[in-house]
Amino acid sequence: MISELKIRNFKSLESVDLKLGHFNLLVGANASGKSNFLDALRFLQGISSNGLSIDEILDGRPPSSTRERWPGIRGGAKSVAFRKPDATQAASVELHVILGGPVFLTNLGGDAVYGLDISLAGDNPIFREQSLHLGDEVFDLQPPKQAQQDEMDKGGTDWSKISILPIVARTGRRVWADVRISEPKLDDRSVGYFDRLYKVADLASNNLADMQFLDPLPTALRDYSQKVVRLGENGEGFAALIHEIESNGSKPALLEWLKELRPDEVDDIYALEGLNNDFMLAVKEGNKEFRAPVLSEGTLRFIALAAAFFQPSMPKVLIIEEIEKGLHPSRLRLLLELMRSQSKRTGTQVFATTHSPTLLNWLTEEDRKTTFVCTRDAASGATKMRALSDVPKLEELIQKSYNLDQLFEEGWLESALHES
């Protein structure tokens with residue numbers, strides 16, 4: 001789990017430090033920086049995915065017979081750096097991630113810290129520095145300078161373009177051999193040092209790479225689909241996923257949530273098999289069967305979001321933008337309860353954005369610690385992100401029965417943030 005994240009000069013996020021939880025909610029007006037924060041998460045995913053150069057992470061990579069498509073970051077390399085009011089851009093982007101939780105405590109005995117500094121000063125972005133810590137122990141992630149130069153002189157890998165973290169995790173002791181150093185010396189470091197390095201790198205890389213972005217679209221949800229273990233970003237594979245959930249025995253739990261959405265109406269949910277070993281979603285209400293093409297967009301989207309928490313292969317991080325899209329306000333409380341409870345059950349960390357003030361009224365005191373209000377500073381254009389629990393006088397007003405949606409709609413939250 002990402003327990004803390006520090007971002008410097010990434011898009012509008014000039015300086016953001018957040019302490020995160022299992023369920024994290026971002027609220028704010030349009031263009032306040034919510035999507036830029038999600039772009040930072042996608043950037044971390046790309047950094048931790050094997051085989052991507054920094055150029056490909058930012059600008060995208062087309063699919064081929066041996067590799068999947070990578071979408072890149074919105075705006076590409078030209079828009080990744082924070083721009084100051086005078087239109088000059090920052091010379092570097094820095095991110096520091098603290099990874100913690102039960103998995104790290106059990107396997108490593110503490111939190112891992114991964115940091116990277118990317119230079120944007122030249123024509124092309126390069127990795128200036130990468131670091132990996134476990135407690136007080138600092139691991140070396142950089143190939144020796146001479147090895148880097150020798151490799152480039154031979155027309156090989158430009159290590160300034162490649163993230164070392166997934167390479168260390170996936171190649172083990174061969175990491176320096178990959179830059180063609182014969183008989184690498186361990187210096188004064190023991191084999192135990194390298195064993196810990198690979199273990200820390202493996203956990204860190206896997207946790208950051210294993211992210212799922214989800215924004216289900218009606219066209220994908222209504223279509224036939226073939227066998228999957230995860231939903232596609234726009235809901236591809238939806239009906240096939242329902243079939244997998246039926247097969248692995250998770251359907252009763254999913255059905256409970258759906259019956260809450262449409263009380264006394266949803267009696268069953270299942271996948272109808274087509275002619276080509278593909279499937280289409282169907283819902284049964286009494287004696288009537290309704291197939292996906294006739295279901296409302298809100299119903300389809302809620303089923304897809306609920307099903308995402310019962311996937312056979314759950315991601316480490318699940319990211320959902322505009323969770324209220326297509327849903328009646330009265331159903332938002334159920335959606336909030338679903339994400340909150342299922343993130344704890346599965347161990348999957350959830351990040352979600354919303355424009356719905358109504359949703360804020362149903363946040364618990366614990367939720368408010370990881371619900372972040374995004375605002376833009378008028379002078380600098382920088383995004384400010386503050387947990388609701390840290391907004392001055394907010395908890396006092398809540399105790400006096402003020403509604404959060406009213407404070408949000410009246411602009412009180414933004415004013416309180418600007419004044420602090």
Quick one: closest heavy-atom pair of Met314 and Asp210, and the distance? O-OD2, 4.0 Å
Would you say Lys6 has more than 12 foreign heavy atoms packed within less than 6.0 Å of its NZ? no
Does Asp215 offer a backbone N or O that forms a donor-acceptor pair with the side chain of Asn234 under 3.5 Å? yes
Measure the CZ-CG distance between Arg74 and Asp39 for me, rounded to the nearest 0.5 Å. 4.0 Å
Asp86, CG: over 12 other non-hydrogen atoms inside 6.0 angstrom: yes
May I have the list of side-chain donor-acceptor pairs in residues 237-246 shorter than 3.5 Å, sequence neighbours left out?
from, atom 1, to, atom 2, distance (Å)
Glu246, OE1, Ala271, N, 3.1

Taking NZ, NE, NH1 and NH2 as the nitrogens, is one of them in Lys284 or Asp268 under 4.0 Å from a carboxylate oxygen of the other? no
Of all the heavy-atom pairs spanning Phe213 and Leu38, show the shortest one and how long it is. CE2-O, 3.7 Å
So, Glu366 and Lys369, do they make that salt bridge, N to O below 4.0 Å? yes
Without swapping roles, check the side chain of Arg61 against the backbone of Ser53 for a donor-acceptor pair under 3.5 Å. no
Would you call Gln212 and Ile319 a side-chain contact if the rule is heavy atoms closer than 4.5 Å? no
Rounded to the nearest 0.5 Å, what's the gap from CG on Asp377 to OG on Ser12? Could you check? 11.0 Å
Within the distance-only criterion (no hydrogens, no angle test), does the side chain of Asp117 pair as donor or acceptor with the backbone N or O of Glu94 below 3.5 angstrom? no
Just by modelled atom types, is the Lys84 backbone N or O under 3.5 Å from a matching donor or acceptor in the Thr88 side chain? no
Keeping Arg376 on the side-chain end and Gly381 on the backbone end, is there a donor-acceptor pair under 3.5 Å? yes
Do Leu332 and Thr354 pass the side-chain contact (heavy atoms from CB on, under 4.5 Å) test, and can you show the C-alpha distance, the side-chain angles, and the key distance before you say yes or no? CA-CA 11 Å; Leu332 289 178; Thr354 182; 6.0 Å; no
Does Asn9 form a side-chain contact (heavy atoms from CB on, under 4.5 Å) with Leu120? I'd like the steps, not just the answer. CA-CA 11 Å; Asn9 297 323; Leu120 303 168; over 6 Å; no
Side-chain donor or acceptor of Arg230 paired with backbone N/O of Ser313 under 3.5 Å: yes
For residues 40-97, the ring pair (Phe, Tyr, Trp, His ring centres under 6.0 Å) pairs (sequence neighbours left out) are Phe10-Phe43
Gln311 side-chain N/O to Ala308 backbone N/O, donor-acceptor pair under 3.5 Å: yes
Indicate yes or no for a side-chain donor-acceptor contact from Gln45 to the backbone of Met211 under 3.5 Å, with no hydrogens or angles considered. yes
Given Met385, Glu322, His355, the one that forms side chain to side chain contact (heavy atoms under 4.5 Å, CB included) with Lys34: His355
Main chain of Ile98, side chain of Ser3: is a donor-acceptor contact present, judged purely on distance under 3.5 Å? yes
Would the distance check show the side chain of Gln130 and the main-chain N or O of Ile164 forming a donor-acceptor pair, the cut-off being under 3.5 Å? yes
Taken to the nearest 0.5 Å, the spacing of Leu25 CG from Arg340 CZ works out to 10.5 Å
